[in-house]
Protein chains: 2
Amino acid sequence: MHKILIVDDEEKIRTLISKYAVFEGYEVCCAEDGMTATELLRSRDFDIVILDIMLPDVDGFTVCRELRKTKKTPVIMLSARGEEYDRLHGFEVGVDDYVVKPFSPKELMMRVAAILKRTSNVSGDAFEYEGLKVDFAGRIVYVDGKKADLTPKEYDLLFYLIKNKGIALTREKLISNVWGYDFFGDDRTLDTHIKLLRKNLGSYSGLIVTLRGVGYRFEAE
Amino acid sequence: MHKILIVDDEEKIRTLISKYAVFEGYEVCCAEDGMTATELLRSRDFDIVILDIMLPDVDGFTVCRELRKTKKTPVIMLSARGEEYDRLHGFEVGVDDYVVKPFSPKELMMRVAAILKRTSNVSGDAFEYEGLKVDFAGRIVYVDGKKADLTPKEYDLLFYLIKNKGIALTREKLISNVWGYDFFGDDRTLDTHIKLLRKNLGSYSGLIVTLRGVGYRFEAE
DNA sequence: TCAACAATCAGGATTTTATGCATGCCTACT
DNA sequence: AGTAGGCATGCATAAAATCCTGATTGTTGA
């Protein structure tokens, strides 16, 4: 179950979003000012934050910037109509999406779902799916609790696949991203590494799906 | 052209919205009470419904709830000022957006456009029509929730059809775009792939309409 | 009804991927 | 230095999956 933090000074808005979010099955937590939000974000882990720009004390951007110093929890900004220019500003701070007030709660929930789908499993510095775990910081792969012995290339390949899970990756894309744009090796090279990687993933080898005539796709979910 | 149903008991309101909607190029239909609206919604397909809460017979929520039993046509609710609490009630019923009276017709039209844009099938990287869903990024096709197993050609063909939905595509056009300008294969080749594709689409095979002497057209709506 | 066109079918041809093995490079250790 | 071992790569072959074709059957519209 995903945890959402809703930050807005208007009680009506908080309640509205909250209701929809609970209805969608999320665990909700609210804050009405920037300081409280920052404190909550520091002490607890949320899966996503819905953040109003205009807050009584510090503004939403500051909260976001502060958050970014330690975590990369996804952020959706709520901006009042006519604050469009903030959009550019926001991306520098690391905002994931924008919704302009007055908004449709349904649309907001759709965006939340979209972002969560994109970031689920890949929570910052680790990926986990059933018995498969990848520690990005340590470059360690666990298969059913046991360390799997991946070679550098195998790890790089797996890493790229996971980072783009659910997306059809062409052979070209894989090769140029894992090997480098200047690599002109044999096409079979990729096959071979996929094979080795699959072998190492044991029962999870099926997560790497072959797309004939296209490439591969990593499927977790 | 999108079809709108306007439901309101006040004739003045209906006319006002209607005028703007026609001006924006929508096809408009009106109802002045809940029963008529429900009947219309059942017998015909609209792209969006603008629904007043206060109606002479059943209220807007009931109409919406009834509608939701069979369709997911987007709904914009019109509520009189001071009925804010209804907002919270609305989510249970599946309302997409709210507009408080008195409203600016321009704003209403903007919201209509926003919702239509968001719900009109091809929303960026996915296509959805009833139980048929195509995830373009992942090259995955879902038929009634289940993954369909398309071959590369089948997928390419479907993709091209969807990207050009509503447009009559000649055989030549299809072949040169899906196979390549230099392909001089048999005409049966296209037939065969259409057949296989239809088979994979199951109950949605009818979306691919045969145009005798011309080619095919993908129809979603 | 007839002619034109589309749908269907099955199997051989073709394309693409998987696999196993050999090679050569690089690093670490002796 | 020399050497062993690990790793990336390339190739040959095996195994699939997918495509295409031509004959045949079914359907449509004038």
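Per chain, numbering begins at 1; letters A, B, ... match sequence-line order.
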Legend entry - Modelled atom types, side-chain donor and acceptor of B/Thr36 and B/Glu32, under 3.5 Å: no

Inset, instruction - Indicate whether the side chain of B/Arg171 and that of B/Ser176 have a donor and an acceptor atom separated by less than 3.5 Å. - result: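 Not at all, the side chains of B/Arg171 and B/Ser176 share no donor-acceptor pair under 3.5 Å.
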
Legend entry - Test item: A/Arg68 and A/Lys71 side chains (from C-beta on) under 4.5 Å apart, heavy atoms: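 Counting from C-beta outward, A/Arg68 and A/Lys71 never come under 4.5 Å.
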
Legend entry - Heavy-atom check, side chain of B/Asp52 versus side chain of B/Ile13, under 4.5 Å: no

Inset, instruction - Inspect the contact between B/Arg14 and B/Glu10 and indicate whether a charged nitrogen and a carboxylate oxygen are less than 4.0 angstrom apart. - result: no

Legend entry - 5' priority, DNA chain C, between A/Thr210 and B/Lys195 [closest heavy atom]: B/Lys195

Inset, instruction - Please round to the nearest 0.5 Å and tell me the distance separating atom NZ of B/Lys163 and atom CG of B/Asn177. - result: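 Spacing of NZ (B/Lys163) from CG (B/Asn177) equals 13.5 Å.
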
Legend entry - Gap separating the CG atom of B/Asp96 from the SG atom of B/Cys64, nearest 0.5 angstrom: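 Reported to 0.5 Å precision, the distance equals 8.0 Å.
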
In whole angstrom, what separates [X]'s [atom1] from [N]'s [atom2]?
X: B/Leu150; N: D/dA17; atom1: CG; atom2: C1'; result: 14 Å
X: A/Asn200; N: D/dG6; atom1: CG; atom2: P; result: 14 Å
X: A/Ile194; N: D/dC7; atom1: CD1; atom2: P; result: 18 Å
X: B/Arg212; N: D/dG26; atom1: CZ; atom2: P; result: 15 Å
X: A/Asp191; N: D/dT9; atom1: CG; atom2: P; result: 13 Å
X: A/Leu197; N: D/dC7; atom1: CG; atom2: P; result: 14 Å
X: B/Asp156; N: D/dA17; atom1: CG; atom2: C1'; result: 15 Å
X: A/Asp149; N: D/dG5; atom1: CG; atom2: P; result: 16 Å

Inset, instruction - From the options A/Leu207, A/Val178, A/Leu150, select the one residue that forms a side chain to side chain contact (heavy atoms under 4.5 Å, CB included) with A/Leu158. - result: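 Exactly one candidate clears the test, A/Leu150.
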
Legend entry - Cation-pi, B/Phe46 ring and B/Lys3 (6.0 angstrom, 45 degrees):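 Output no; distance or angle outside limits.
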
Legend entry - Over-ring placement of A/Lys165 relative to A/Phe127, 6.0 Å and 45° cut-offs: no

Inset, instruction - Mind checking B/Tyr216 for me? I need base, sugar-phosphate or nothing, with any heavy atom below 4.0 Å counting as a touch. - result: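 The residue B/Tyr216 makes sugar-phosphate contact but no base contact.
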
Inset, instruction - Please report how far the helix from C/dT1-D/dA30 to C/dT30-D/dA1 bends, comparing the axis fitted to its first five pairs with the axis fitted to its last five, to the nearest 10 degrees. - result: 30°

Between protein and nucleic acid, restricted to nucleotides 20-24 of chain D and to nitrogen or oxygen atoms under 3.5 Å apart, what atom pairs and distances do you find?
| residue | atom | partner | partner atom | Å |
| --- | --- | --- | --- | --- |
| D/dC20 | OP1 | B/Trp179 | NE1 | 3.1 |
| D/dC20 | OP2 | B/Trp179 | NE1 | 3.1 |
| D/dT21 | OP2 | B/Asp186 | N | 2.7 |
| D/dT21 | OP2 | B/Thr189 | OG1 | 3.2 |

Inset, instruction - Of all the heavy-atom pairs spanning B/Asp9 and B/Pro56, show the shortest one and how long it is. - result: CB-CD, 3.5 Å

Inset, instruction - Using chain A heavy atoms and a threshold of under 4.0 Å, write down where along DNA chain C the contacts begin and end, 5' to 3'. - result: C/dT16 to C/dG20

